[in-house]
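What follows is a single structure, written as structure tokens, with notes after it.
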Amino acid sequence: MTLALTQSDFRAHLKKYLDQVNDEDETVYVTRSNQRSVAVISQEKMAWLERALKAKEGSLEYAIARDQLIKSQVLPDDKIVESNDSYWNQF
């Protein structure tokens, strides 16, 4: 789940929202009065994002980082491809 808050609400309940980021893997978006927003994510989630960006696509490290990001619902899960036996039946 993602939370969108005002800067004053975030400041007033800072501990609560930081606990949600760490304990419940929430992402918190804080809108500020100057039309700029920030996102608060856990250090672990940030580390997996950085690893995925730095890794070569197709490498084991990329696959592991991508799986972790899917698990934490940062990326959508891969679609399940249904088996098509017609290819194999020709043999």
Side-chain angles (χ1 to χ4, degrees):
M1 189 167 132
T2 302
L3 301 173
L5 310 167
T6 62
Q7 182 176 343
S8 57
D9 186 35
F10 181 72
R11 188 182 310 120
H13 302 97
L14 180 65
K15 182 186 179 328
K16 171 188 164 186
Y17 293 124
L18 293 180
D19 286 344
Q20 284 182 286
V21 166
N22 283 318
D23 299 340
E24 300 170 25
D25 205 24
E26 295 283 357
T27 299
V28 176
Y29 292 97
V30 182
T31 51
R32 302 175 67 200
S33 58
N34 61 3
Q35 302 299 318
R36 296 173 61 200
S37 298
V38 297
V40 181
I41 63 173
S42 69
Q43 183 177 2
E44 180 181 9
K45 191 181 288 186
M46 186 66 194
W48 286 118
L49 284 167
E50 289 175 339
R51 286 177 77 175
L53 288 172
K54 291 177 184 176
K56 184 180 235 179
E57 192 170 347
S59 69
L60 178 59
E61 186 173 0
Y62 177 81
I64 292 169
R66 190 172 183 286
D67 284 347
Q68 289 297 322
L69 293 170
I70 290 170
K71 190 184 296 184
S72 62
Q73 299 178 347
V74 173
L75 295 175
D77 199 354
D78 294 327
K79 293 181 181 178
I80 296 175
V81 178
E82 292 192 28
S83 175
N84 183 349
D85 290 333
S86 62
Y87 173 78
W88 295 108
N89 289 338
Q90 64 184 331
F91 296 105

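When all heavy atoms of S33 and Q7 are compared, the pair lying nearest together is N-OE1, 4.2 Å. A pairwise comparison of heavy atoms in A52 and L69 identifies CB-CD1, 3.9 Å as the closest pair. Closest approach of R51 to E61, counting heavy atoms only: NE-OE2, 3.6 Å. Between V21 and S42, the shortest heavy-atom distance links the atoms CG1-N, 3.3 Å. Residue Y62 comes nearest to K56 through the heavy atom pair CB-O, 3.3 Å, listed as atom of the first residue, atom of the second, then distance. The shortest non-hydrogen separation linking P76 to I70 is O-CG1, 3.7 Å.
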Pair I41, L49 - check side chain to side chain contact (heavy atoms under 4.5 Å, CB included), show working. CA-CA 11 Å; I41 63 173; L49 284 167; 3.8 Å; yes
Could you walk me through whether V40 and F10 satisfy the side chain to side chain contact (heavy atoms under 4.5 Å, CB included) test, starting with their C-alpha distance in whole Å, then the side-chain angles of each, then the deciding distance to 0.1 Å, before giving a yes or no? CA-CA 11 Å; V40 181; F10 181 72; 4.1 Å; yes
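Residues Y29 and L18 do not share a hydrophobic cluster, defined by chaining ILVMFWY side chains whose heavy atoms lie under 4.5 Å apart.
The closest side-chain heavy-atom distance from L5 to H13 is not below 4.5 Å. Between M46 and Q43, the closest side-chain pair of non-hydrogen atoms is not below 4.5 Å. Contact annotation: the side chain of Q20 never approaches that of V28 to less than 4.5 Å [non-hydrogen atoms, C-beta and beyond].
Considering CD of Q73 and CG of D25, their distance stands at 8.0 Å, rounded to 0.5 Å.
Using a 4.0 Å cut-off between charged nitrogen and carboxylate oxygen, K15 and D19 count as a salt-bridge pair.
A side chain to side chain contact (heavy atoms under 4.5 Å, CB included) with W48 is found for one member of V74, D67, L53, I64 and no other, namely I64.
Side-chain N or O atoms of T6 include none that pairs as donor or acceptor with a backbone N or O of R32 at under 3.5 Å.
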